[in-house]
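Worth saying up front: this structure is predicted, and the values here are computed from it rather than measured. All values below come from the heavy atoms of this structure, side chains included, with hydrogens, waters and symmetry mates left out. Note that the numbering runs from 1 along the sequence shown for the chain.
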Amino acid sequence: MKTIFRTLSQGLVLSALLAVGAASALAQDPCSEADSQTALQDKIRNSYAKDKKTAIATGKELLEKYGSCEFSAEFVAWLKPLIPKWEEGEKQKAEAEWMSQRFARFDAGIKADNFDEMAAAGKEILVKQPDNLNILVPLGIAGAKPTNKQPDEAIRYAQAALTAFKTSDCTKKAANGQMVCGAFKYELNKQDAISELNYAIGYVTFWLKKDKKAAIPYYYAAITNAGSRKDDAYGYSSLGDYYQEEVARLGKEYADLVLSQAPVPTDSQEVASAKEAKLKEAEGILKGYLDRTIDAYSRAWKATTDKTVKDKLYKTVQDLYKLRFQKTDGLDAYIASTVAKPFPNPSSTVTPVTDEPANTTTGSADTTKPVSTTATAKTPTGEASTAVKSAPATKKASPKRR
């Protein structure tokens with residue numbers, strides 16, 4: 001009897017345990033949570049049109065908890081392919097907002113004429129859009145100012161824009177129907193943009209980095225090709241400044257050579273001839289640089305419309321002409337003849353001048369007179385320039401850039 005009761009008790013305990021286990025299993029089955037599934041579905045329906053972030057977070061929660069439940073099967077089939085699309089859309093929206101903030105800062109920098117602000121915003125934009133000419137063109141041009149503290153950055157942007165133009169064109173249409181690049185006051189057609197970019201590199205390299213020789217190919221490209229800077233007075237004047245410094249250097253070398261290499265009575269015929277040949281070559285090079293200096297300043301004089309600057313440039317040309325030909329008459333005819341010819345490439349070698357130009361109007365001039373002393377003149381920008389003493393002692397009159 002005791003055995004029967006003992007067995008019966010054990011059976012009851014086992015049944016109770018089985019019942020508890022079944023209830024526990026039933027309680028842990030997520031698919032039985034119909035109300036929770038319905039609540040999540042309703043939340044997604046109410047938010048996906050206006051609040052994608054909430055819809056995405058709620059959708060992921062539903063898929064994780066109830067993705068395999070029969071109750072939500074139809075809703076899951078609709079939701080599952082939409083989650084990645086919503087996420088991509090949110091990503092693009094965030095990026096667009098990020099870019100919009102940078103573009104707004106860039107535009108504000110242009111309007112405030114603040115290159116540092118432009119460069120700070122433009123740098124971030126170009127990480128994502130490295131060939132964006134609407135950013136590169138303004139950055140390349142705007143740095144050409146004496147106040148720019150980032151000359152290397154300005155040159156880098158201008159060169160990047162010129163490189164991009166080799167394979168790309170402007171994509172914005174202006175009110176006049178032209179295709180343009182850039183923004184606001186730096187919105188230009190391709191031809192003018194290339195002209196301004198070459199000019200800007202020339203300006204920054206010449207005046208800010210003080211590397212005048214490296215600047216001249218860019219100035220030359222800007223003022224001799226079609227575009228907004230063709231025949232630019234300031235470009236010609238800057239090249240004239242470069243040449244005049246070379247004239248000062250060569251004049252001193254020639255003066256020193258006259259003192260050290262002039263033939264003396266004790267020289268043999270061979271030695272005397274060698275000295276004379278050396279002096280003649282040095283004199284010829286000096287004349288060649290004087291011709292190019294007069295050429296550049298004459299073109300600047302012709303191009304500028306500022307009367308004060310024009311008068312100063314004419315005086316500079318007049319003094320250089322007197323030094324070159326040891327006379328004052330015939331200047332206007334010489335200028336007219338000079339500017340009618342193609343402008344010589346400043347990067348080309350200056351060859352010694354041995355004969356007088358055919359357009360001088362009086363008899364042969366004594367051009368062998370040595371240059372022996374120098375004087376210092378100031379450019380309008382405050383740059384010191386050494387000029388031969390009989391050359392201009394007045395300020396060189398470079399027209400303003402803008």
Side-chain angles (χ1 to χ4, degrees), residues 19-111 117-139 157 160-161 163-165 167-175 177 179-184 186-187:
V20 171
S24 176
L26 182 63
Q28 293 173 1
D29 181 9
C31 291
S32 66
E33 299 172 359
D35 290 345
S36 294
Q37 294 180 63
T38 300
L40 290 174
Q41 291 178 25
D42 288 344
K43 188 174 181 180
I44 294 167
R45 287 190 186 95
N46 293 332
S47 63
Y48 80 88
K50 56 186 177 181
D51 185 0
K52 284 290 191 302
K53 289 183 179 180
T54 297
I56 291 168
T58 308
K60 287 184 175 181
E61 181 183 353
L62 186 144
L63 292 176
E64 182 181 354
K65 290 182 178 180
Y66 309 117
S68 59
C69 295
E70 182 63 26
F71 183 85
S72 294
E74 184 178 349
F75 191 85
V76 166
W78 169 80
L79 175 67
K80 196 169 185 178
L82 289 177
I83 294 290
K85 294 180 181 179
W86 290 347
E87 288 182 317
E88 180 61 26
E90 286 300 292
K91 180 182 176 182
Q92 292 178 2
K93 180 182 176 182
E95 185 168 327
E97 290 176 354
W98 186 92
M99 293 293 284
S100 179
Q101 293 171 359
R102 272 72 188 169
F103 279 118
R105 184 181 182 186
F106 184 79
D107 291 350
I110 293 178
K111 293 174 182 178
E117 278 293 292
M118 291 173 61
K123 185 176 183 178
E124 293 186 284
I125 295 170
L126 292 170
V127 170
K128 297 180 181 292
Q129 301 177 5
D131 297 324
N132 189 334
L133 284 165
N134 296 323
I135 301 298
L136 289 171
V137 168
L139 282 175
Y157 289 128
T163 299
F165 270 128
T167 56
S168 304
D169 290 310
C170 296
T171 56
K172 294 197 302 183
K173 182 175 283 190
M179 300 306 293
V180 295
C181 300
F184 302 108
Y186 299 115
E187 188 174 84

Between [atom1] of [X] and [atom2] of [Y], what distance do you get to the nearest 0.5 Å?
X    : Y    : atom1 : atom2 : answer
N134 : T171 : CG    : OG1   : 5.0 Å
N132 : F103 : CG    : CZ    : 5.5 Å
Q92  : E88  : CD    : CD    : 4.5 Å
R45  : L79  : CZ    : CG    : 10.0 Å
K123 : Y157 : NZ    : OH    : 6.0 Å
I44  : L63  : CD1   : CG    : 7.0 Å

*asked:* Apply side-chain contact (heavy atoms from CB on, under 4.5 Å) to residues M179 and K172 and explain how you reach the verdict.
replied: CA-CA 5 Å; M179 300 306 293; K172 294 197 302 183; 5.7 Å; no

*Please name the residue in the list K53, K52, K60, K93 that meets the salt bridge (Lys or Arg N to Asp or Glu O under 4.0 Å) test with E87.*
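When salt bridge (Lys or Arg N to Asp or Glu O under 4.0 Å) is applied between E87 and each of K53, K52, K60, K93, only K60 qualifies.
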
*Under the ring pair (Phe, Tyr, Trp, His ring centres under 6.0 Å) rule, what pairs show up with a residue in residues 30-70, not counting sequence neighbours?*
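Residue pairs with at least one partner in residues 30-70: Y48-W78, Y48-W86.
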
_Heavy atoms from other residues, nucleotides or ligands near CD of E64 exceed 12 (cutoff 6.0 Å)_ =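 No, because the 6.0 Å sphere around CD of E64 holds 12 heavy atoms or fewer from other groups.
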
_Is there a side-chain contact (heavy atoms from CB on, under 4.5 Å) between K128 and W98? Walk through the geometry before answering._
CA-CA 11 Å; K128 297 180 181 292; W98 186 92; 3.5 Å; yes

*Donor-acceptor pair, side chain of E117 and main chain of R105, under 3.5 angstrom*: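 Not a single qualifying donor-acceptor pair exists.
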
_Could you check whether any side-chain N or O of D51 sits under 3.5 Å from a backbone N or O of S47, counting only pairs where one atom can act as donor and the other as acceptor?_
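No: the side chain of D51 does not pair with the backbone of S47.
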
Shortest non-hydrogen contact from [X] to [Y]?
X    : Y    : answer
V76  : G67  : CG1-O, 3.9 Å
K85  : P81  : CG-O, 3.7 Å
L139 : L126 : CD1-CD1, 4.1 Å
L40  : L62  : CB-CD1, 3.6 Å
I56  : E90  : CD1-CG, 3.9 Å
G122 : I135 : CA-CG2, 3.9 Å

*With side-chain contact (heavy atoms from CB on, under 4.5 Å) as the test, would you mind laying out the steps for C170 and F165 before giving the verdict?*
CA-CA 8 Å; C170 296; F165 270 128; 4.0 Å; yes

*Side chains of Q129 and M99: does their closest heavy-atom pair fall under 4.5 Å?*
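When only atoms from C-beta onward are counted, M99 and Q129 do touch, with a gap below 4.5 Å.
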
*Determine, stepwise, if the pair S168 / D131 fulfils side-chain contact (heavy atoms from CB on, under 4.5 Å).*
CA-CA 9 Å; S168 304; D131 297 324; 5.5 Å; no

